[in-house]
Amino acid sequence: MNLNELKNDWIKEFPSPMIIAGPCSAESESQMLETAKRLKESGAEISAFRAGIWKPRTKPNGFEGVGVIGLNWLKKVKEEYGFKTATEVANAHHVFAALEADVDILWIGARSTVNPFTVQEIAQALRGTNKPVLVKNPVNPDLALWIGALERLLGQGVENLGAIHRGFSTYQKTKYRNIPNWQIALDFKNQFPNIPLFIDPSHICGNRTGLAGVAQEAFNVGYQGAIIESHCDPDNAWSDASQQITPEVLAAMINNLQMRNSDISGYEDEMGKHRTLISDMDFQLIELLSQRMKISEKIGTLKKENNIAIFQPERWKIITEYANQKASETGMSQDFIEKVFKAIHEESIEVQNHIMIDK
């Protein structure tokens, strides 16, 4: 069996969208029960209560989770409020403890997904389980690693699978804690439309203000659920305080989210006309880019013949300034135009490099 053959009927047991919510970390029994109580009373339609029992941290000596005792608090949440429960596992010990505590949904975190040895250890510990196992994308933008982690789980007979898009690390300063890099997630969704895809706006944003917008963007492109951090006292949370929201704020947010219909029946003709126009324009863009690269080849030959460096900072400055100006004039996103021109410039550098080293 391969990933495309999975039916993943497990998600049909939950409301749509499937929302997994709760505190970033389990801190105390009272904190867990208070958060669950308020989630219940707020009317937030959540499918499972989440809490981090073990917390991998970037540096030592930070709060790394309460450990196994927190699993007992998850049990109490289930007993008193009827929520299914969910937590992250990062090694075989975590898996065995979580299974013994009958946690309903498990996920593998981004720091674990990046390491095939760790994923294999977890997969073997989970061998044959029928519990849903979700896999977060790796911290680095590597689609193959993400897919590989799911394949390792399937190789151990774990068939109830899902994926979580939590964004990707970057050294650049952006409005996101972890940039979404939507195209990677959409490439995943395109290859495996049968695997439920969840959005994790908490880790993408790293703050409270952007959560609803990121979640809605995900639902706009067909995601089936979200995993969102909610805490009874977010300002005093022991981890990731700035990205957690109260149960009441979460309830209002969920109520305002809109799921989109993937069925285009009745709109095929009108949609088809627009898509035909887009296809024509796309072909024109490809032709223009081809012509541009041929001119880059001629410039590369001139540089080689006259021993001139490929990269010319002043020329690149002129190009970027002009691109930003045109973006502003046409009402287009400057970020988008900058990405397009960077990609074109990188390819142009590559073309000229080939000419330089060609003997």
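Residues take their numbers from the sequence shown, with the count starting at 1. Keep in mind that the numbers below use all heavy atoms, side chains included, and drop hydrogens, waters and symmetry copies.
- Between K131 and D102 there is a salt bridge, since a side-chain N of the basic residue sits under 4.0 Å from a carboxylate O of the acidic one.
- Contacts of L143 classified as side chain to side chain contact (heavy atoms under 4.5 Å, CB included), with partners at least two apart in sequence or in another chain: W146, I147, I184, D187, F188, Q191.
- Following chains of ILVMFWY side-chain contacts shorter than 4.5 Å, one cannot reach I337 starting from Y322, and the two form parts of different hydrophobic clusters.
- Here I105 sits in one hydrophobic cluster together with W10, I11, F14, M18, I20, W107, L134, I164, F198, I227; the rule is ILVMFWY side chains under 4.5 Å apart, joined directly or through other members.
- Applying the side-chain hydrogen bond (donor to acceptor under 3.5 Å, both in side chains) criterion to T35, with sequence neighbours excluded, gives no partner residue.
- Note: W54 and H93 have perpendicular aromatic rings, judged against thresholds of 30 and 60 degrees for the angle between ring planes.
- Contact check on E41 versus K37 returns a salt bridge, with a Lys/Arg side-chain nitrogen under 4.0 Å from an Asp/Glu carboxylate oxygen.
- Listed by chain and residue number, K342 satisfy the salt bridge (charged side-chain N to carboxylate O under 4.0 Å, His left out) test with E338 (two or more places apart in sequence, or in another chain).
- Salt bridge absent: K55 and D240 never bring a charged side-chain N and a carboxylate O closer than 4.0 Å.
- Connection of V119 to F96 is not established within any shared hydrophobic cluster, with ILVMFWY side chains joined at heavy-atom distances below 4.5 Å, either directly or through further cluster members.
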Under 3.5 Å donor-acceptor pairs involving side-chain atoms of residues 285-295, not counting sequence neighbours:
{"from": "E287", "atom 1": "OE2", "to": "Q291", "atom 2": "NE2", "distance (Å)": "3.3"}

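- Partners of R275 by side-chain hydrogen bond (donor to acceptor under 3.5 Å, both in side chains), not counting sequence neighbours: none found.
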